[in-house]
Amino acid sequence: MPFIPHTEADVQEMLDTIGVSSIDELFAEIPEAIRAKPLEKVPEGLNEMELMRLMRERAAADEHGLRTFVGAGVYEHHIPAAVWEVATRGEYYSAYTPYQAEASQGTLQTIYEFQTMIAGLTGMEAANASLYEGGTALAEAILMAVRAHKGKSHRVLVPETVHPSYRRVAASYCGAQDVVVETIPYDPAKGTVDPAALDAIEGDFAALVVPQPNFFGRLEGEAALAAKAADRGALVIASVNPMALSVLTSPGEWGADIAVGEGQPLGIPMSSGGPFLGLMATSKKLVRQMPGRLVARTVDTDGREGFTLTLQAREQHIRRAKAKSNICTNQGLAMTAATIYMALVGEAGLTQVAGVSHTNTRKLVARLTAIKGVEPLFEGPYFHEAALRLPKPATGVTTALTERGILGGFELGREYSGLENGLLVCATETKTEADLDAYAEALEAVL
Amino acid sequence: MPFIPHTEADVQEMLDTIGVSSIDELFAEIPEAIRAKPLEKVPEGLNEMELMRLMRERAAADEHGLRTFVGAGVYEHHIPAAVWEVATRGEYYSAYTPYQAEASQGTLQTIYEFQTMIAGLTGMEAANASLYEGGTALAEAILMAVRAHKGKSHRVLVPETVHPSYRRVAASYCGAQDVVVETIPYDPAKGTVDPAALDAIEGDFAALVVPQPNFFGRLEGEAALAAKAADRGALVIASVNPMALSVLTSPGEWGADIAVGEGQPLGIPMSSGGPFLGLMATSKKLVRQMPGRLVARTVDTDGREGFTLTLQAREQHIRRAKAKSNICTNQGLAMTAATIYMALVGEAGLTQVAGVSHTNTRKLVARLTAIKGVEPLFEGPYFHEAALRLPKPATGVTTALTERGILGGFELGREYSGLENGLLVCATETKTEADLDAYAEALEAVL
Amino acid sequence: MLIFDHSRDERSNKAQMPAGEADLSDLPGDRRRSSSTGLPQASEMDVVRHYTRLSQKNFAIDTHFYPLGSCTMKYNPRGSNEAAMLPGFLGRHPETPAAYSQGILSVLWDLQEMLADICGMHAVSLAPAAGAQGEYAGVAMIRSYHQAHGNHDRDEIIVPDSAHGTNPATASMGGFRTVEIQTKPDGDIDLDSLDEALSERTAGLMITNPSTLGLFERGIKEIADKVHDAGGLLYYDGANLNAILGKVRPGEMGFDVMHFNLHKTFSTPHGGGGPGAGSVGLSERLVPFAPVPLVAQAENGSYYLQYEQQRPDTIGRMTAFPANVGVLLRAYAYLRMVGREGLERIAEHAVLNSNYLLERLRRYYKVAYPDRRAMHEFILTLEDLAKSDAHVSAMDVAKRMLDFGMHAPTAYFPLSVPECFLVEPTESEAKETLDQFVAVLADIRNEAESDPEIPKNAPYSLPVKRLDDVRAAKELDLTYTGEPKAAG
Amino acid sequence: MLIFDHSRDERSNKAQMPAGEADLSDLPGDRRRSSSTGLPQASEMDVVRHYTRLSQKNFAIDTHFYPLGSCTMKYNPRGSNEAAMLPGFLGRHPETPAAYSQGILSVLWDLQEMLADICGMHAVSLAPAAGAQGEYAGVAMIRSYHQAHGNHDRDEIIVPDSAHGTNPATASMGGFRTVEIQTKPDGDIDLDSLDEALSERTAGLMITNPSTLGLFERGIKEIADKVHDAGGLLYYDGANLNAILGKVRPGEMGFDVMHFNLHKTFSTPHGGGGPGAGSVGLSERLVPFAPVPLVAQAENGSYYLQYEQQRPDTIGRMTAFPANVGVLLRAYAYLRMVGREGLERIAEHAVLNSNYLLERLRRYYKVAYPDRRAMHEFILTLEDLAKSDAHVSAMDVAKRMLDFGMHAPTAYFPLSVPECFLVEPTESEAKETLDQFVAVLADIRNEAESDPEIPKNAPYSLPVKRLDDVRAAKELDLTYTGEPKAAG
Ligand SMILES: Cc1ncc(COP(=O)(O)O)c(C=O)c1O
Ligand SMILES: Cc1ncc(COP(=O)(O)O)c(C=O)c1O
């Protein structure tokens, strides 16, 4: 069998030591009545060569050479070769959660550096070692805000401009705990939430979620929204793209109590949807309410610097039913990759990646809106992703674009009724002028 | 600039320390008259993203999905994923030659294990840490045999059944040292050297080269050849495929004094021709005549086992003009990969890879010779590669096969006049029944 | 040295700097960041060197025996990694239409089918991102099921005292109260305690089988009947599935819903904490509530993802995008290499290794359930040593093991056994390694008795000595602000 | 522990075992091997674990500062590796027709062109597998050239006393006698000595510039003229090209032929000993003799390889297959990332780093050529320390450095300077690292003077202590035969 080293002689010796005559005897405590029927759907084993042949065929089946102009929460950025060459080193790849600190300083220090970087990006005081992804990070932030809310309100306001799938995840997570997730509509001209609209909402609420940029790529009036929420005793949850944070004011600066987001843009491949990287940062005051692992720097018995898990009393393995979350396995390896990514590109590099991506999207918007009937869907600034209005429903258009090798964007009508002609487009730093031209040509042709 | 960490402040501080005012001043000793003109052919630098786009385009240009049925010295075998994931770990990849033994135990022990494996495969007492590739390994063996020959003959006999390119490399290497490489013809019916033919060759010679299997895939009468050479006081050089050694008697068993070969089949990709891996093994008696690095096991001052380079007095950095060879940089990383490959497949695995490859070639031969006009070119046993006679010149046939996605074999007429219709085919363990069928169908169609 | 120590203003890594124009002039000035992000600016070489060296400070399966109970630290095939990292899989945006995604969807479909077969249940959803999220999906489905049947008062989930922390934590997240039941001295669940706990408020029971004590719950059929009779559903925590692959199927034991820990049983790997995948298996009555997406096959044989529209009763989405696909790919690759027969061999050799170790260690340490047959893991208790004059705790022994190049077993879990080690060798380890492990544990026992200070101050040979956890929590230095950590 | 210690009869790694039939019945019995090959039979995990752990025992650029003079241990970009390992390149059989190989051939063509530009020569052949083989190709061309001109008596190659060992070794392989000339106290070649050496038997002169002393040979033009006047050719050993990239071109200095060490200058990397690539640059008069293959462009713009047929005067093939293509790909990737301007910056910062170190180390160690400007490397001599009462040799200091996590510089080369260190920091290293290096060397100087036993017994903290080379050579244990290495 693959991956089992035992020789027959080994097995015999071991059985003798145990004092049984067959391996079967070791399973004697399992009642006969419930023994498994033979499996039907699991085929015979393949060797690695056969496996790779199979997997190469399947992977090749999906290589259509499409040029990706869709973002909508997942972004195609260049990933330096060093990121995954180092992250998949056996010592990172095949280690467990760093419970034995002295034998896990590699992972622990990496987490500490990651926490520092995420705190720096978000302008917050503390960050955890990751949650599953952006959607659950938002859901956990909502639950955390409810726990932390002084007024004990169970109501959280979530603008419609928050990623629709994030809102769905929040709904899946919050219902059972009687947390009410209430939607706030957006201004259809601007594609953002009018801060004044908040005034119309009566009653207490535990938190307001502020997406920045929002799902449409638009910049919300984040500071005004945050101020209004704070005035009413609510916490402010920022839902952000870490790439954007290199160029936009940070949640810490505009009044967020909790910042969450999707770390995928930081060196994680699009991978059909995961594994991604849930980010969460908060203030020192709230850190004991935060879910997920935390690493602290400390010293060893010789007084030398070292790293260890801390505040574990928040977690399920200590606090059990009273834990802040049930999360156990997180996204460790993606966290490692993101840390290496951030270290490789550095402060200036991240700003440049964000800046070029943004500029490419602007160029794309210019080219596409030069086509008759195509215009910006909303007025006002956006970051590296923009909503356009097409002269006809977007769905047919994207299908036609795909046939021309262009993954043209996210059809807003899938999530927003009334926006059937809306298309959300994005061009990251990976796109060349030729790519932008190709898109414009294809769109012109299919409209 | 990429890969240069200096900040302007660093540079200024460093210049101050040195006591010069500019970097240019550091080059003051270079006469103005010979300063370089600006480069014309080196373009502006690319970042890694741009580089990868360029390289992916170039690599994709060569992905034609051809099924490889050509061997002729380079064989497509499955390479376990672990081989290169481990071999390209930074500690192996970016280390230098292990001159500081205590800081290079990883590389040194790996070489020692490699030497042991190659000695085991060849049935010899000692092996070196690699030469460039199979051709130079043969050339170096010829030079070594001439050095070692008691009768001081400068004449070496090389059958025509030795890989034609190996013979060319030997010619490039030997001429300047007045070593005469003399060709022995083969029996056109059998595709091997008739041992009796040796008797007809008069005079002293320093060595006889015995290829096993030979370039046609045929098994030579290796023991008889070796015995005849030994009787005449000549050394015997075996030129072997290490893959074959798992199923064929070893050079050590049939009387070789030096065994050389190409290690590419042991986990090294075909890579358009290199880097490959020159193998050389010999007896303890001759080891001081051997070129290339050698590692010995020894002990440290605490008596603990450790590994170090040894017999360096054979090498250029000690012996200079009197060195056994000028080789310095060898094929270290390929050696590491081959060691990991051999450890992963193990004794039984290598035998199985060889056996399945051989069987696939037999099946291919059966399918192809079932086609009218196609027949074996030679009578007698072969290993995993076979020469066929086509009803017309092979060159046109292979071109037509390539258009049908089949890399059909090596056209023997390129190297052997009279064999214009000859085609050397090979099917390794990577080929499925469907692949074999596809070849047969294609050949039937193009003949 | 922290990565930040390699940073200098002005330093930058040009090879990773996109060359295009970066024109942010359209962004309003008050939105433009002026503060530093604090990201380091180091050379590419220093970054590679830093993280290469850091990584070397880890124990990992690729470097050490790592018999962490409940974690199934088996070999992570490099072939699975290579297969999952093929560019065709990695480069696919999740919004790519199904027509252009049949390669990946066919893999996921096959995986759903294989997992359903392995667990003996009706269907599988690959949506959950880890075991705990699989549990959440499970209790959410239990909740939806009861609500769909008009049972709004079933607000209790029963768990045994030996349960993993995620079980009660999940119950709480699902809006349930946790009711704990007892384990008998022989390690099986106390049926009286169960009877007592069961009521018309019972929504379900969550258990692991083999339990976290490494024992097969012999009364499982009776337990299942009791819970079902009381109107509850049975949740199977699949963390210990490795022990019974192909031998017993949770569905056939009577479970209604379960999660797999693909990162354990199917070795995808652990990655220093994750990512995982917590695919859930469901009996027929729970299928309508399955978390989306599910991979479905259309009439024409092509695959597509089903969401809320096709599955209106779903408990919803677990993550914003489909799933931890990269993990699923590795699990698929592993399963295909192992194959049907291999699955049984895994269970057999995991159990063999565990019983062999148990038998050999009996001489040196107290076995918590000496009269039971161990499954893939077993428990030692070091209470005698901790309470002896030597006062050597399980923690001390664990730390000392590290000096001998062995990762320690899980310590202090399950909570129901004092000073315990939960030892899970897995099927990947050769007898030689197990023998070495026994020798090390025997030596440490000796040390503990003859010179207890040695284990109490261990480890000695690691990058750091024993770390000060108390100070860590007190000072709460969670991010680097430029200060070195002062001694003392 | 050796890999063979993980081996057991009967053990096998099924995942790497092809499933097909293995029918060897057609092979004659007397040809079938019955003896064991001795290859280990270990589990895949144990193999991965073994080599992962072994690798950790190396110092490498990815883990340590490695200022090995003459070796140019600079950062090896991971991007170059990724680019070279693309399946389109790796999976190509060398017999694939050119029509199906335009991708790789275009890369090699571009590389030929760029290298020719960098060396200022007429053409480049990528054939040689390493520097030494490039040298061999060079002297073979020199030989062919003279023979083509009817000069059969030119059988001497002149090399300076500071030459790298491969130079005289190559001259011998090329059938030449080596004539050694002297270096003056200022490090330049002694022109009188050259004059004396030159004659009608002179085939050529081989030198490195900057020399292996790290000095720019100021008389190079005069030397070139003298050699040319004597009817000889000039060979440039390109090992030190890093120092002068874009600053001076060998062709413009008067050299006729040279090799590049792509694994040094273009960082392809060293791989623990190789592989390398020793591409050769040629002046116009040597082009006919270039080793084959050369990449050529056909009328229609497509690329193909030229062999003996198209190039009848070639010295022939260096290897049976085209070249170390994987290495060439990495060099190409590196060159494209660095670009025209980057090349000059490399030279500048390599020389800056070297001069900075030299200046700072002057206080602690004796500089061999104190009045000269260093290029990319420089020489310290520790003769004073070795001859002092402390008797601390360069070897002792080198070994002690390892304890401080610094690889030692090249020691005892060049042979012309006693007890020397040849220090080459390269442009990749940050000032912080250089400063640390100075601190370490200063500390060791202190130790050597105050407590010489410390360096003399170093290293202490590595996987092994100082190894017994004498015993290694005496016992000559070159292969494992199952015996442990006995102490004593
Ligand atoms: C018994 C048991 N249940 C559940 C879990 C939770 O699984 P995960 O870590 O994948 O969320 C674990 C993991 O440690 C476990 O051991
Ligand atoms: C000065 C000099 N010349 C030649 C060589 C030989 O090059 P290679 O090792 O690539 O054969 C070296 C390599 O060490 C060298 O330093």
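Order of the sequence lines fixes the chain letters, A, B, ..., with proteins taken first and strands second; residue numbering starts at 1 for each chain.
Heavy-atom pairs under 4.5 Å with chain C peak, among A/Leu245, A/Thr136, A/Thr329, at A/Thr329. When each of A/Gly90, A/Ala119, A/Pro2, A/Ser272 is checked for heavy-atom pairs under 4.5 Å with chain C, A/Ser272 comes out on top. With chain A as partner, the option from C/Ala42, C/Pro28, C/Ala473, C/Cys71 having the largest number of non-hydrogen pairs under 4.5 angstrom is C/Cys71. Residue with the most contacts toward chain A among C/Gly246, C/Gly316, C/Ser172, C/Ala116: C/Ser172 (heavy-atom pairs, distance under 4.5 Å). Contact count versus chain A (heavy atoms, under 4.5 Å) is highest, among C/Glu341, C/Arg143, C/Glu44, C/Glu135, for C/Arg143. Of the residues considered (A/Tyr92, A/Trp84, A/Phe383), A/Tyr92 shows the highest number of contacts with chain C, using heavy-atom pairs under 4.5 Å. Between chain A and the residues C/Arg249, C/Met337, C/Arg31, C/Glu427, the most heavy-atom pairs under 4.5 angstrom are made by C/Arg31. Most heavy-atom pairs under 4.5 Å with chain A: of the set C/Gln16, C/Arg317, C/His407, C/Lys57, this distinction falls to C/Arg317. Most heavy-atom pairs under 4.5 Å with chain C: of the set A/Gln177, A/Arg56, A/Glu76, A/His78, this distinction falls to A/Gln177. With chain A as the partner, the residue from C/Glu113, C/Arg11, C/Glu95 showing the most heavy-atom pairs under 4.5 Å is C/Glu95.
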Audit row: C/Tyr136, A/Tyr173, ring pair (Phe, Tyr, Trp, His ring centres under 6.0 Å) steps and yes/no: CA-CA 9 Å; C/Tyr136 182 73; A/Tyr173 260 68; 5.1 Å; yes
Set out, in order, the CA-CA distance, both residues' side-chain angles and the distance that settles side chain to side chain contact (heavy atoms under 4.5 Å, CB included) for C/Glu308 and A/Arg168, then state yes or no. CA-CA 10 Å; C/Glu308 294 83 356; A/Arg168 286 206 190 82; 2.9 Å; yes
Between A/Ser250 and C/Arg33, is a side chain to side chain contact (heavy atoms under 4.5 Å, CB included) present by the stated rule, with each step listed? CA-CA 7 Å; A/Ser250 68; C/Arg33 182 167 190 148; 3.5 Å; yes
Would you sort out whether A/Tyr96 and C/Met73 count as a side chain to side chain contact (heavy atoms under 4.5 Å, CB included), showing the intermediate values? CA-CA 8 Å; A/Tyr96 200 74; C/Met73 294 296 283; 3.4 Å; yes
Decide yes or no on side chain to side chain contact (heavy atoms under 4.5 Å, CB included) for A/Gln109 and C/Leu2, but give the supporting numbers first. CA-CA 8 Å; A/Gln109 184 175 334; C/Leu2 289 156; 3.6 Å; yes
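In summary, the aromatic rings of A/Phe410 and C/His93 are positioned with their centroids too far apart to meet the 6.0 Å limit.
The cationic group of C/Lys74 does not satisfy the cation-pi geometry with A/Phe3, failing either the under 6.0 Å distance to the six-membered ring centre or the 45° limit from the ring axis.
Proximity to chain C (any heavy atom under 4.5 Å) is restricted, for A/Glu133, to the side chain, taken from C-beta onward. Only the side chain of A/Leu407 comes within contact range of chain C, with at least one heavy atom under 4.5 Å from a heavy atom of that chain. The part of C/Glu359 that comes within reach of chain A is its side chain, from C-beta onward, which places non-hydrogen atoms under 4.5 angstrom from that chain. Heavy atoms of C/Lys221 lying under 4.5 Å from chain A belong exclusively to its side chain. Only the side chain of C/Leu402 comes within contact range of chain A, with heavy atoms under 4.5 Å apart. The part of A/Leu51 that comes within reach of chain C is its side chain, from C-beta onward, which places non-hydrogen atoms under 4.5 angstrom from that chain. Of the atoms belonging to C/Val325, heavy atoms from both backbone and side chain fall under 4.5 Å from chain A. Within the 4.5 angstrom heavy-atom criterion, only side-chain atoms of A/Met52, from C-beta onward, approach chain C. Using a 4.5 Å cut-off between heavy atoms, A/Ser130 does not touch chain C at all.
Between the side chain of A/Arg362 and the backbone N or O of C/Asp23 there is at least one donor-acceptor pair closer than 3.5 Å. Formation of a donor-acceptor pair under 3.5 Å by the A/Thr298 side chain with backbone atoms of C/Arg471 is not found in this model. Checking side-chain atoms of C/Asp62 against main-chain N and O of A/Ser94 turns up no donor-acceptor pair under 3.5 Å. Counting only distance, with no hydrogens or angles, the side chain of A/Tyr166 and the backbone of C/Ala320 share no donor-acceptor pair below 3.5 Å. When atom types are taken as modelled, the side chain of A/Glu113 and the backbone of C/Ile3 share a donor-acceptor pair closer than 3.5 angstrom. In this structure, A/Gln115 contributes its side chain and C/Leu478 its backbone to a donor-acceptor pair below 3.5 Å. At least one donor-acceptor pair closer than 3.5 Å links the side chain of A/Gln352 to the backbone N or O of C/Pro18.
With hydrogens and angles left out, the side-chain atoms of A/Glu347 and C/Ser36 include a donor and acceptor closer than 3.5 Å. A donor-acceptor pair shorter than 3.5 Å cannot be found between the side chains of C/Thr52 and A/Arg89.
Between C/His349 and A/His6, the angle of the ring planes lies from 30° to 60°, which puts this pair in the tilted group. C/Tyr100 and A/His64 have perpendicular rings, their planes meeting at more than 60° on a 0 to 90° scale where under 30° would count as parallel.
The residue from A/Ile23, A/Leu15, A/Ile18 that alone fulfils the side-chain contact (heavy atoms from CB on, under 4.5 Å) condition with C/Asn355 is A/Ile18.
Atom OH of A/Tyr93 and atom CG of C/Asn76 lie 6.0 Å apart (nearest 0.5 Å). With values rounded to the nearest 0.5 angstrom, C/His270 atom NE2 is found 7.5 Å from A/Thr97 atom OG1. We find the CG-CZ distance between C/Asp477 and A/Phe307 to be 8.0 Å, quoted to the nearest 0.5 Å. Rounding to the nearest 0.5 angstrom, the gap separating the CZ atom in A/Arg304 from the CG atom in C/Asp468 is 14.0 Å. With rounding to the nearest 0.5 Å, the separation of NZ in C/Lys431 from OG1 in A/Thr17 is 6.5 Å. Residue C/Asp469 holds its CG atom at 4.0 Å from OG1 of A/Thr308, rounded to the nearest 0.5 Å.
Between C/Lys465 and A/Asp300, none of the side-chain N atoms (NZ, or NE/NH1/NH2) sits under 4.0 Å from a carboxylate O, so this pair counts as no salt bridge.
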